[in-house]
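Following: one structure in structure tokens, then a few remarks.
In the text below, chain A, chain B and the rest are named by the order of the sequence lines, each starting its count at 1. Every value quoted in this text rests on a predicted model; they were computed, and no experiment measured them.
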There are 2 protein chains.
Amino acid sequence: MVANTPPAAARRDSYTVESLLAVTVEVFNTRGYDGTSMEDLSRAAGISKSSIYHHVRGKEELLRLAVGRALDGLFAILDEPGALEGRPVERLEHVVRRTAEVLLAELPYVTLLLRVRGNTAAEQWALGRRREFDHRVAELVRAAADDGDLRGDVAPRLATRLLFGMINSIVEWYHPVGGPQAGTPGDGDDAADRIVEAVVRLAFGGLRSKG
Amino acid sequence: MVANTPPAAARRDSYTVESLLAVTVEVFNTRGYDGTSMEDLSRAAGISKSSIYHHVRGKEELLRLAVGRALDGLFAILDEPGALEGRPVERLEHVVRRTAEVLLAELPYVTLLLRVRGNTAAEQWALGRRREFDHRVAELVRAAADDGDLRGDVAPRLATRLLFGMINSIVEWYHPVGGPQAGTPGDGDDAADRIVEAVVRLAFGGLRSKG
DNA sequence: AGCGTAACCGAATGATCGGTCGGTACAAGA
DNA sequence: TCTTGTACCGACCGATCATTCGGTTACGCT
């Protein structure tokens, strides 16, 4: 392998692609990708506009890196044991719960992904990968419906879209307390846990009380 | 009433603000507001860039007119008899159904509204009005929960957000056949009806089969 | 026919866009 | 101490942005 790289933090005022990306995604999410200028980014990152080009090839690469990270997190769910073993309805519940969890854990990146419209090449690539994810989930819904475990009066494809529409809508209003860097691994974020539980309960049980 | 205005269609090659708006909203929705140039609009409308300024004050006014139309449609729901009379849970079901219906009837305008981020003054005005609508609905959910008609293990505010997140997500994938001008009043659009029914069933009953 | 005016246009404006360029500061290895 | 390479910068580039301006066209009305 390559020689161990010197720790990036040792160099003074040093930006990683990763840390630059974190700042970038925040700005993209507040002002929109098209509404964000490279000068906006340089101001937010505290370095000059031209310095950004030392780390990445351009604006579009920042977008591609960000949405790629979100997509990697989502696709990893489909390879988890809980998504591969058991009855389809149980595998579906696992995917629903984990999708909500990943969305909350990678909130800024998933937010950006969900707002992509397909204007540039990077955006169309992201849209294609999203479609593939939706397709895989739709198959799971269909399998659960074939088992008779899902209600028969709503088409599986339609149910999939509405279900994930509900999950994805979390990015429209949820903002973790103390900014995005809060919620360290293993600390058990209360608010996020409540949201995940609500999603699973509403998705499978509905709003109406049983009484 | 006012004197009958000479029919706009009588003048040759004449654009109404309304017809210009319809073209504009389509372009805004495909390319995004910030990603749309006035030249994009002029090309789509078939008139020159400067001619657009004869009808409206500028790009931002087009946005304000479009989202205003969507908001008027949504707020009108809250004044309907079905939203004012009966048990809260029944009024809520009426609002849910009608919101989905209005969203489908005014699809391009509501789509644009839901993508507004608050960059310009017009966008912030729209966000404020949206918040007010959400607030009024959240009160209805709380009232239904107080009656014991909604499940007690999900907070009303959270349920409201997820519920309307599901409804609003329709704009992400639904495209009426034959373009936006199809679906004349009273013709009973099959696909749209199925979506509305699915929304109401999933919202109140959930995915899981009763068996 | 002649007037008023709504609808329209091409060309230009300053501002801002994403991106490039030549060069400087500085830490690490020799 | 000298060399090398990373991180960074100010100044600049052509392109594109929303908007403006000075007209021209053609319709409705008298």
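Between A/Glu197 and A/Arg97 there is a salt bridge, since at least one side-chain N of the basic residue sits less than 4.0 Å from a carboxylate O of the acidic one. A salt bridge is defined here as a Lys NZ or Arg NE, NH1 or NH2 lying under 4.0 Å from an Asp or Glu carboxylate O, and B/Arg98 with B/Glu80 meets this definition.
In this model, the phosphate group of C/dC17 is approached by a side-chain N or O of A/Ser37 to a distance below 4.0 Å at OP1 or OP2. Taking only side-chain nitrogens and oxygens, A/Ser51 comes nearer than 4.0 Å to OP1 or OP2 of D/dC9.
The side chain of B/Lys49 sits closest to D/dT19 out of C/dG10, D/dT6, D/dT19. The side chain of B/Tyr53 has D/dT19 as its nearest neighbour among D/dT19, D/dC9, C/dA6.
With hydrogens and angles ignored, a donor-acceptor pair under 3.5 angstrom links the side chain of A/Ser50 to the base of D/dG10.
Atom CG in B/Asp34 sits roughly 15 Å away from atom C1' in C/dG18 (whole-Å rounding). Here the P atom of nucleotide C/dG14 and the CE atom of B/Met38 are 20 Å apart, to the nearest Å. Between A/Arg43 atom CZ and D/dC9 atom P the separation is 14 Å, expressed in whole Å. Rounding to whole angstrom units, CZ of residue A/Arg57 and P of C/dT20 are separated by 9 Å. One can place CG of A/Leu62 at 12 Å from C1' of C/dG18, the figure rounded to the nearest angstrom. Between A/Glu39 atom CD and C/dG19 atom P there is a gap of 14 Å when expressed in whole angstrom units. To the nearest angstrom, P of C/dT5 lies 13 Å from NE2 of B/His54. Atom CD in B/Glu60 sits roughly 18 Å away from atom P in D/dC17 (whole-Å rounding).
The OG1 atom of B/Thr120 sits 5.5 Å away from atom CG of B/Leu63, with the distance rounded to the nearest 0.5 Å. Rounding to the nearest 0.5 angstrom, the gap separating the CD1 atom in A/Ile47 from the CG atom in A/Leu20 is 5.5 Å.
A search for side-chain contact (heavy atoms from CB on, under 4.5 Å) contacts involving B/Arg69 returns B/Glu18, B/Glu106, B/Tyr109, not counting sequence neighbours.
Mapping B/Lys59 and A/Gly46 onto DNA chain D by nearest heavy atom places A/Gly46 at the nucleotide closer to the 5' end.
At the heavy-atom level, A/Ser42 lies nowhere under 4.0 Å from the strands shown.
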